[in-house]
Amino acid sequence: MPVRIATYNVNGVNGRLDVLLRWLAETGPDIVCLQELKAVDERFPVREIEAAGYGAIWHGQKSWNGVAILAKGREPIETRRGLPGDPDDSQSRYIEAAVGGMLIGCLYLPNGNPAPGPKFDYKLAWFQRLQDHAASLLQLDAPVVLTGDYNVMPTELDVYKPERWVDDALFRPEVRDAYRKLVEQGWTDALRTLKGQERIYTFWKYFRNAFARDAGLRIDHVLLNPVLAGRLKAGGVDRQVRGWEHTSDHAPVWVEIADQ
DNA sequence: ATGGCCTTCTAAGAAGGA
C-alpha cells in the first residue's frame with residue numbers, strides 16, 4: 001500500500017474543524033501536516049481527531065501560528081518542536097515526528113510582510129535556520145519529508161500575476177533564492193517535479209472571488225529527500241476543498257509514496 | 001492602485017494573514 005502524505009494550512013483548527021474532518025474522511029491521508037492552528041495546546045481538538053482515526057502531536061499558540069502532525073491509526077513519535085538556532089523564538093512554526101519509519105518535518109514559514117522591515121528580517125532568519133536544519137536532515141539515511149506552508153512562490157509559474165507580487169515578502173528575490181538554495185541541497189519539490197510546467201496553485205485569497213477566477217499562488221510545498229524522491233508516485237492539490245463552505249484560503253496538497 | 005475577506009480574542013475593533 002502506498003503512503004499518502006498531505007499538508008494543509010487549515011486557518012483555524014477549531015473554526016474549520018468540520019472542513020478538516022470532512023477532508024480526512026473523504027481522502028484518508030496516512031500522514032497529515034497542519035499549519036495555522038490558531039489555538040493554544042489545550043484547545044487542540046484531539047478528541048475529534050482521534051475519533052476520526054488519527055493520532056496527533058501538536059504545538060499550539062494563542063491566536064496565531066500553530067502546527068500539528070496527524071497519523072492514521074498510529075501515534076507520531078515527536079522528535080523535535082521548534083527549529084534550532086534561536087532560543088528566543090517563541091512562535092510555534094515547526095514540529096517534527098517519526099511516523100512508520102519516515103521522518104516528517106511540518107513547518108509554517110513566516111509571512112514576512114511588510115517588506116522590508118522586522119517581519120521580513122524574521123522571515124529571512126527563519127529561512128536560514130530552516131536551511132541549516134534541513135542540511136542536517138539530509139545526512140540521515142531514513143526517508144525524510146519537509147512539508148508545509150513555505151509562504152514563498154518559487155517561480156513566476158507559481159503566481160497568477162507575477163508582476164503584482166514582485167515587492168511582496170512571498171515573492172521577493174531574497175525569499176525565492178532561499179527556497180532555491182534549500183531545494184538545491186538535494187531536496188525534490190514533489191509537485192513541481194510531477195507536474196512539469198503545469199500551473200499549480202494551493203492558495204487563493206478570500207477577496208474578489210479569487211478562487212472562481214483561479215487567481216492563486218503555489219506556496220504550500222512537499223520536499224522529499226533522495227530516498228523518497230525515488231519512490232514518488234503521484235501528487236496533487238485537493239482543490240475541491242477550497243470550494244467548500246467556511247473553508248480555509250489554502251487547499252490541501254498531497255503526495256503518494258510507493259513501498260520500498 | 002487600492003481594497004476587498006476571514007480568523008482570534010473578547011465583546012468593538014485591532015492585528016495578522018498573503
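FYI, side chains are in, hydrogens and waters are out, and symmetry mates aren't considered; it's all heavy atoms of this structure.
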Nearest non-hydrogen partners of A:Pro110 and A:Tyr122, listed with the distance: CG-CE2, 3.4 Å
When the distance from CD of A:Glu42 to P of B:dC9 is rounded to whole Å, what number comes out? 12 Å
Value in whole Å for how far the P atom of B:dC9 lies from CG of A:Asn14: 9 Å
Would you measure the distance from the C1' atom in B:dG17 across to the matching atom in B:dG4 and give it in whole Å? 14 Å
Could you give the NE2-to-C1' distance, from A:His221 to B:dA18, as a whole number of Å? 13 Å
Gap between atoms CZ and C1', on A:Arg16 and B:dC5 respectively (whole Å): 10 Å
Below the 4.0 Å mark, does B:dG3 have OP1 or OP2 next to a side-chain nitrogen or oxygen of A:Arg208? no
Using the P atom in both, what is the distance from B:dT2 to B:dC6, to the nearest Å? 23 Å
Taking side chain to side chain contact (heavy atoms under 4.5 Å, CB included) as the definition, give me every residue that meets it alongside A:Trp64, ordered by chain and number, with sequence neighbours left out. A:Gln61
Length of the line joining A:Asp158:CG and B:dA18:P, which is rounded to integer Å: 16 Å
Given atom CZ of A:Phe211 and atom C1' of B:dC6, what is their separation to the nearest angstrom? 17 Å
Kindly check if the number of other-residue, nucleotide or ligand heavy atoms within 6.0 Å of CZ (A:Arg43) is above 12? no
Please determine, by modelled atom types, if A:His246 and A:Asp18 share a side-chain donor-acceptor pair under 3.5 angstrom. no
A:Gln260 CD: over 12 foreign heavy atoms closer than 6.0 Å: no
Just the rounded figure in Å: distance from C1' of B:dC5 to CG of A:Asn209. 12 Å
With C1' as the reference atom in both, quote the distance from B:dG3 to B:dA18 in angstrom, rounded to an integer. 14 Å
What's touching nucleotides 13-17 of chain B from the protein side, N or O pairs under 3.5 Å?
none

Does A:Asp167 have more than 12 heavy atoms from other residues, nucleotides or ligands lying within 6.0 Å of its CG? no
If the test is ring-ring contact (aromatic ring centres under 6.0 Å, His included), which one of A:Tyr108, A:Phe203, A:Tyr179 qualifies with A:Tyr150? A:Tyr179
Between A:Ile219 and A:Ala39, whichever has its closest DNA chain B nucleotide further toward 5' is A:Ala39
Nucleotide B:dT7, atom P - distance to NZ of A:Lys205 in whole Å: 17 Å
